[in-house]
Amino acid sequence: MRLIFSLLVVAFFATVPLWLQDQYYLHTLVVTGIFMLAAMSLNLLLGYTGQLSLGHVAFFGIGAYVSALTSLGFTVTIFGFTIVHEPWPAFVGLILGAMVAGLCGYLIGKLAFRVRGAYFVIVTISFAEVVRLVALNWVELTNGPLALPGIPPLTLGFEWSGFVTLWGKSQNYYFILAVIVLTYILIRRLVHSPYGRAMIALRENETLAVSVGISVTKYLVLAAVFSGALAGLAGGLYAHYIQIIDPMIFMFLNTVTMVIMVITGGKGTLAGPVVGGLIFGIAPVILRNYVGPEVQWILYGVLMILIVFVLPEGIVPAIERWFNRGGTSRSRAGRGASSGDSKNDGLGLAVSIPGKRSS
């Protein structure tokens with residue numbers, strides 16, 4: 001049933017460009033999909049290892065800048081040596097951006113996971129601020145506050161098969177939808193592998209996990225590498241779609257947006273960042289059509305607070321619990337109707353009545 005429901009959801013979103021005429025809403029869905037991908041990467045750390053990263057936007061921005069500079073080409077002087085880089089295909093830059101972001105995740109993970117909890121949060125925030133200052137002040141490479149304009153759109157394919165350039169919003173929408181589906185499958189495989197179970201064990205009870213031989217640093221760093229690489233991939237997609245980036249991409253608000261998507265959707269669940277991303281990516285645009293900008297953000301905050309208070313575990317866990325409760329109730333009713341000679345003790349156990357045959 002879950003597989004059928006997932007296929008129906010993907011099929012529905014695949015039809016959106018066919019009936020959605022307003023290009024602004026389609027643009028909103030594209031940007032929402034990119035941040036949804038970043039939220040899925042953050043969920044690997046926050047949801048499955050229990051480590052809150054408030055500097056996750058650093059990996060997002062690194063992927064964006066590396067992919068943009070690789071595609072544009074650059075000339076920079078370091079310690080008296082001049083480095084000239086000719087432009088490479090945008091798809092190569094996208095992969096390279098994800099790899100560099102994953103490498104940064106490895107370095108930060110090795111350093112920061114020696115201190116966890118609040119100390120890890122401080123390290124990640126500091127890392128994001130350092131990267132922002134580098135992007136702001138290394139004008140020769142990043143163009144500083146003047147931004148990097150003219151980033152080419154994403155081009156797919158090879159010379160022997162021909163290239164496809166994603167110019168339109170519909171093309172970008174379909175590509176990002178495909179990336180989200182593939183990322184979902186990849187994360188699902190990781191979470192249900194021995195590596196994922198080790199991460200969850202560390203989140204639930206680190207002392208017990210260590211006592212059975214699970215290496216804390218190994219699995220937490222692995223999560224940081226995957227998380228950083230996926231965030232870098234999202235940043236590269238953002239750069240090639242928007243076609244201009246500046247140091248504002250490292251705004252703390254972007255990290256807060258990712259955290260909101262994960263927590264409200266349900267951290268530690270595969271579908272949580274997807275559901276939270278849809279709600280809090282589209283809600284501001286819908287509210288903008290009915291209220292002013294001030295009231296819009298007030299309602300946005302009220303919606304977030306209501307979800308957190310009413311559904312503290314998130315939307316997806318609440319839906320799953322509701323479905324499971326319904327299935328359990330139907331199952332109990334069926335057992336009671338078929339046996340006729342048993343009573344329920346309130347714990348889902350059948351209690352035999354003396355003198356009658358037990359079910």
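Not measured: the values here are computed from a predicted model. When reading the values below, keep in mind they use all heavy atoms of this one structure, side chains included, and skip hydrogens, waters and symmetry mates.
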**OP:** Take Tyr241 and His27, measure what side chain to side chain donor-acceptor pair (under 3.5 Å) needs, and give me the verdict at the end.
**Re:** CA-CA 10 Å; Tyr241 176 68; His27 163 77; 2.8 Å; yes
Indicate, with yes or no, if the rings of [X] and [Y] have centres closer together than 6.0 Å.
{"X": "Tyr300", "Y": "Phe280", "value": "yes"}
{"X": "Phe250", "Y": "Phe60", "value": "no"}
{"X": "Tyr65", "Y": "Phe74", "value": "no"}

For [Y], is there any backbone N or O sitting under 3.5 Å from a side-chain donor or acceptor partner on [X]?
{"X": "Arg197", "Y": "His192", "answer": "yes"}
{"X": "Asn43", "Y": "Ala39", "answer": "no"}
{"X": "Thr15", "Y": "Leu18", "answer": "no"}
{"X": "Arg203", "Y": "Gly47", "answer": "yes"}
{"X": "Gln171", "Y": "Gly168", "answer": "yes"}
{"X": "His240", "Y": "Pro152", "answer": "yes"}
{"X": "Thr124", "Y": "Ser53", "answer": "no"}
{"X": "Thr142", "Y": "Gly144", "answer": "yes"}

Is it true that atom [atom1] of [X] has more than 12 heavy atoms of other residues, nucleotides or ligands lying nearer than 6.0 Å?
{"X": "Met248", "atom1": "CE", "result": "no"}
{"X": "Tyr195", "atom1": "OH", "result": "no"}
{"X": "Arg189", "atom1": "CZ", "result": "no"}

Decide whether [X] and [Y] are clustered together by the hydrophobic rule: side chain heavy atoms of Ile, Leu, Val, Met, Phe, Trp, Tyr closer than 4.5 Å, transitively.
{"X": "Leu237", "Y": "Val92", "result": "yes"}
{"X": "Leu148", "Y": "Leu141", "result": "yes"}
{"X": "Ile176", "Y": "Tyr24", "result": "yes"}
{"X": "Val139", "Y": "Val76", "result": "no"}

[X] side chain near [Y] side chain, heavy-atom distance below 4.5 Å:
{"X": "Ser71", "Y": "Trp88", "result": "no"}
{"X": "Ile319", "Y": "Ile315", "result": "yes"}
{"X": "Leu186", "Y": "Leu190", "result": "no"}
{"X": "Val191", "Y": "Ile200", "result": "yes"}
{"X": "Lys169", "Y": "Pro17", "result": "no"}
{"X": "Val316", "Y": "Glu320", "result": "yes"}
{"X": "Leu230", "Y": "Met40", "result": "no"}
{"X": "Ser41", "Y": "Leu44", "result": "no"}

Original post:
Considering all heavy atoms of both residues, which atom of Tyr48 and which atom of Leu270 are nearest to each other, and what is their separation?
Top reply: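 Heavy atoms only, the tightest pair is OH-N, 3.4 Å.
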Original post:
Closest heavy-atom contact between Pro149 and Ile244?
Top reply: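 Heavy-atom minimum between the residues: CA-CG1, 4.0 Å.
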Original post:
Got a second to check how far Leu54's CG is from Ile125's CD1, nearest 0.5 Å?
Top reply: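 Between atom CG of Leu54 and atom CD1 of Ile125 there are 4.5 Å.
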Subject >> Check against ring pair (Phe, Tyr, Trp, His ring centres under 6.0 Å), Phe59 and Phe127 >> reply: CA-CA 10 Å; Phe59 304 117; Phe127 172 65; 5.7 Å; yes
Subject >> Cationic N near anionic O, under 4.0 Å, Glu313 to Lys267 >> reply: no
